[in-house]
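Chain A is the first sequence line, chain B the second, and so forth, proteins listed ahead of strands; every chain is numbered from 1. All of these numbers come straight from a predicted model, not from anything done at the bench. Both backbone and side-chain heavy atoms feed into the values below; hydrogens, waters and symmetry mates do not.
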Amino acid sequence: MPSEIAKAYEPQEIERRWAQAWFEEKLYHPLAEAPGTVFSIALPPPNVTGSIHIGHMLEHTQIDILVRWRRMQGFKTLWLPGIDHAGIATQVVVERQLAKEGLKREQIGREEFERRVWQWKAESGDKIKSQMIRLGVSCDWMRERFTLDPPMYRAVMESFLRLYREGLIYRGRYMTNWCPRCQTALSDLETVHEPREGKLWFIRYPIKDSSEFITVATTRPETMLGDTAVAVHPQAERYAKFIGKKAILSLMNREIPIISDDAVDREFGTGAVKVTPAHDPADFAMGQRHKLPEIDIMTPDARISAAGGPYAGMERFAAREKIVEDLKAQGLLEKIAPHQMSVAICDRCKTIVEPRLSIQWFCKMQPLAKPAIEAVESGLLSITPENQKKIFLDWLTNIRDWCISRQLWWGHRIPIWHCGNCGAMTPARDSRVEVVNGRAQIASVPEKCEKCGSSKLTQDPDVLDTWFSSGLWPFSTLGWPDNTEDLRVFYPTSLLISGYDILFFWDARMVMLGLHLTRGETPAQRIPFRKLYLHGIVRDPHGIKMSKTRGNVVDPVEIIEKHGTDALRFTLSVMAAPGGDIALSEERILSYRAFANKIWNAARFLFFNFEKAEAAGLKLDELAAPEIRAKAPYSAADSLPHRWIFSRLARVLEQIDAALEEFRFHEAAHVIYHFFWGDFCDWYIEWLKPQIASENLDEARAAWRNLFAVFEYALRLLHPFMPFITEDLWHRLPQRSGAKSISLEAFPKANPQWTDSSAEQQFAFLQEIIGMARNIHAEMKLDPKAKVAADLSSQDPPLLELAERNREPLMRLARLSELKTTRETLSPASGPAVRSTAQFDLRIRSSETRDIPGEIAKLKKEEERLKKDIEQKQSRLADSAFRERAPSKIIEGLEATVSERQREYEKIVSRLAELS
RNA sequence: GGGCGAUUAGCUCAGUUGGUUAGAGCGUUCCCCUCACACGGGAGAGGUCCAAGGUUCAAGUCCUUGAUCGCCCACCA
């Protein structure tokens, strides 16, 4: 028993030690063949880019709470961790490093580049892992995965090949978002729109063989170089005469047709539009309809290509300026208007994205989305918060094909070979993967072209979108496509917790791919997770989004070093209301650090005094025995406080289970906080102080047994939220000796017999008396050290008896030197030293001088309030409609309240009369 | 252009299915270094629940409209 326990809780050393121990002891490695109901969850793999941030901390905390809770409840619990290779994000990071050396990836070649990324991955991955360990996450490190590891690589190959064979993956020349800096195609999701102050240039296109011209408006004049038509609306009268004629693209000395198309908006700009099929999605579609040529005037790095004639080689925005200048010189620039527009930028590097025509790989989404929609609509997959369900369904309903190819070097390479002879495509024979130089690659390389038999085959250079492999995560991590035992046991996973910001990127794709690819017979067996909980975002103290540019980012590791993981975890939990973001402030963290300290000191108090009690001859060896534990609460001479605390505990347990069941972390955390601090520390311990030191060993034993029992229950309750401090203290308990971890103990379950509403009522009454006495003390500014005599009067004999039975704690906690209980009305019934409820009056006998006007003012205010309240309620009760329609329970309750209020009111009136 | 959410104490936020005196943390006021804890104890103050209508016996909670703020989606050049 450690009496040398520190006065203040210092989390750093303790947390570090336990984090390491949990990791090394491999405590959280469930065996597939073990008995028990499964609770499994896949960690949203952090990107190998960078380090753990506060958002991860929130996510990991919430997952860990549920995982520890379920594990303690007896579930066979798996939390599978891992890291994502984060294709484009990681490549950007390594390219930046290269840039510092003055190098470009093309200069060092694909192989060397990949080597560098792997090197970087090793360092960064280790850092992330060690940070996660420090957070105390109870995941199964023995099952850790990385998306580029051989089994994962194989799963990706298998998925691709299957979807390809099924015709769901196709290749073609389409307009896609292109990042000129990353030099790769992007999916729609990877481009974000940013409002910008732009310009609208009004440009005249002379009509051939005429002095007239047609004016179009454009936000991107440089694309003129690729114009192949001018379009007007079929019903636009003012332009009708031009349809079928030629316009002259003076910059390029080209004649282009004037066409009509429904897609033209008559209201916008001039009602006429230039058509650039190679550089605008809408124009591309129009070009297809009218069989217009597609002139690509831009290079992959967004310079004007040879097709741009005199402007070739110029950077896109420089070309824009030059073109505007030239048009102006030619008198073709009609005007420039300011224009609010939204610019598409690359999510990763913030470069302005160009719509670009290129050959890419796509995945057909509608056939995959349909089962996903059904799963959500049928409730097979539940989504919390509820309102995200509609967003999810809307997106799936309007889904478009997904561009899955990336012109990157970091990722899963597309297992397709192109024939140098006939151009046909040949897929890998199967998904087998081999390891070369420590890196996975496809093993079954085709030897000859499927179509012409030529052996001049080259592998497609593209890699897959990162999210393609992430989309397989819940099953690829469990060994899919093999029918492994892990897969059979732990799939489908029970739950996914992710941020709503990746709902489409990731969550939706897992649902679609899981339903389509895994082998279960029913959707219920194929769905990758049965529940989806979307957490909020951690913001700064004023609710503003954290960002590096604003400089309001907080580093969880720093906070942890300063205040402890438990404090931060608890803060994040207690603030995490479903659907809401979190405004995180240091003050708030401090208050829960104080909570940790409170727990620590409660333990300190117990340990210290227990040592003393033992010295006085108390023996409590039997505390460790489970059958003793099951008997709590242990009776004593007057068992009211014990009955009360166990009744409270039962209620709290019920509330916590209900709250966690529905992801109401804040509610669960609140309940625990107030139980521990309010009920346990402020009342229960205080109440029992004399008994634990009692010379009557029977009395002391009962007190100690209950005290330790409740404390141990509290630690187990708290453990999912504050794993470190609870683990540490638990090992110091006299009940425990050799057990490995509190996290492997059972989560407390309420015994139905604990619920005792009469104990709760009685205790509440005593608390009320004590509160009143303290109030009088404070109001009258009595010497805090002085005890005073008091009278308690009531017409209710059981109340007086209750007070008599609890005379000792009542007097001690209310700081009374004497307590007289009486059925007689107190006289005088007024004065600052009297407080009343409908049931009783409490008077402190004091010789202090009285502030009569002050008292009157206070009483008047109270009188006013009660009067208004009573009137309001009476008129309610007088309303026949109310009496007819309201449930009788409400009416009776209201009547009881009114009569109670009236009694209080009468007392106040008579006291006022007495005073004046 | 669609859609979603928010507006409750000085600040940041809770408030389950409408029901009797609307809560928390921090901050704030007063008293106390009482032998677990000043990261503490005790006692207070502080709110016409954004506005206007409506439904209901009953509205912070449901409906409508408006205001302000925020977010997501969308190929109006």
Check this for me, if you would: do A/Arg220 and A/Glu354 make a salt bridge, where the nitrogen-to-carboxylate-oxygen distance has to be below 4.0 angstrom?
yes
Short side-chain donor-acceptor distance under 3.5 Å, A/Glu895 and A/Gln874:
no
Name the nucleic acid region contacted by A/Arg774, choosing base, sugar-phosphate or nothing; use a 4.0 angstrom heavy-atom cut-off, strictly under.
sugar-phosphate
In whole angstroms, how far is the P atom of B/rG41 from the CH2 atom of A/Trp683?
13 Å
Base, sugar-phosphate, or nothing: which does A/Glu587 touch, judged by heavy atoms less than 4.0 Å apart?
sugar-phosphate
If I pick the P atom on B/rA38 and the same atom on B/rU34, what distance separates them, to the nearest angstrom?
10 Å
A/Lys389 versus A/Ser382, side-chain donor and acceptor atoms under 3.5 Å:
no
Contacts of A/Lys199 that satisfy side chain to side chain donor-acceptor pair (under 3.5 Å) - sequence neighbours left out:
none
On a whole-Å scale, what distance lies between the C1' atoms belonging to B/rA58 and B/rG44?
33 Å
Looking only at atom P, what distance separates B/rU64 and B/rG70, rounded to whole Å?
24 Å
Between B/rU17 and B/rG25, how far apart are the two C1' atoms, rounded to whole Å?
27 Å
Determine whether the side chains of A/His233 and A/Asp261 contain a donor N or O and an acceptor N or O closer than 3.5 Å.
no
Is the shortest distance from a Lys or Arg side-chain nitrogen in A/Lys867 or A/Glu864 to a carboxylate oxygen in the other one below 4.0 Å?
no
Which value, in whole Å, describes the distance between the C1' atoms of nucleotides B/rG15 and B/rG23?
7 Å
Please give the distance between the C1' atoms of B/rA6 and B/rC49 as a whole number of Å.
14 Å
B/rC72 versus B/rU65 - spacing of their C1' atoms, nearest Å
24 Å
Roughly, in whole Å, what's the span from CG in A/Leu393 to C1' in B/rG3?
13 Å
Which residue pairs satisfy the ring-ring contact (aromatic ring centres under 6.0 Å, His included) criterion with at least one member in residues 561-601 of chain A, sequence neighbours excluded?
A/Tyr9-A/Trp600, A/Phe570-A/Tyr592, A/Phe570-A/Phe595, A/Tyr592-A/Tyr673, A/Phe595-A/Tyr673
I need the CZ-P distance between A/Phe595 and B/rA24, as an integer number of Å.
16 Å
With nearest nucleotide decided by heavy atoms, which residue, A/Ala881 or A/Asn387, maps closer to the 5′ end of RNA chain B?
A/Asn387
Return the nucleotide paired to B/rG5: Watson-Crick means purine N1 to pyrimidine N3 with N6-O4 or O6-N4, wobble means G-U with N1-O2 and O6-N3, both under 3.5 Å.
B/rC69
Which residues pass the salt bridge (charged side-chain N to carboxylate O under 4.0 Å, His left out) test with A/Lys689, sequence neighbours left out?
A/Glu686
Applying a 3.5 Å limit to both distances, which nucleotide forms a Watson-Crick or G-U wobble pair with B/rU56?
none
Go through B/rG19, B/rG5, B/rA43 for me and flag the one nearest to the A/Asn775 side chain.
B/rA43
Sugar-phosphate means primed atoms, P, OP1 and OP2; the rest is base. With that split, encode nucleotides 29-36 of chain B 5' to 3' as B, S or - using protein heavy atoms under 4.0 Å.
-S-SS--B
Under 3.5 Å: donor-acceptor pair, side chain of A/Glu15, backbone of A/Thr565
yes
Salt-bridged, A/Glu194 to A/Arg196, with N to O below 4.0 Å?
yes
What is the distance, rounded to the nearest whole Å, between atom CD of A/Glu768 and atom P of B/rG42?
17 Å
Enumerate all atom pairs, one protein N or O and one N or O from nucleotides 8-14 of chain B, separated by less than 3.5 Å.
residue: B/rA14; atom: O2'; partner: A/His666; partner atom: NE2; Å: 3.2

Whole-Å distance, A/Asp879 CG to B/rG19 P, equals 19 Å
Please state the P separation for the pair B/rU20 and B/rA59 - nearest whole angstrom.
12 Å
Report yes or no: do A/Lys274 and A/Thr276 form a side-chain donor-acceptor pair below 3.5 Å?
yes
Base-contact (B) and sugar-phosphate-only (S) positions in nucleotides 72-77 of chain B, heavy-atom cut-off under 4.0 Å, - elsewhere:
-S-BBB
If only side-chain N and O atoms count, and only distance matters, is there a donor-acceptor pair under 3.5 Å linking A/Glu190 with A/Ser187?
yes
Phosphate OP1/OP2 of B/rG40: any A/Trp600 side-chain N/O under 4.0 Å
no
Got a sec: does the CD of A/Gln288 have more than 12 other heavy atoms crowding it under 6.0 Å?
yes
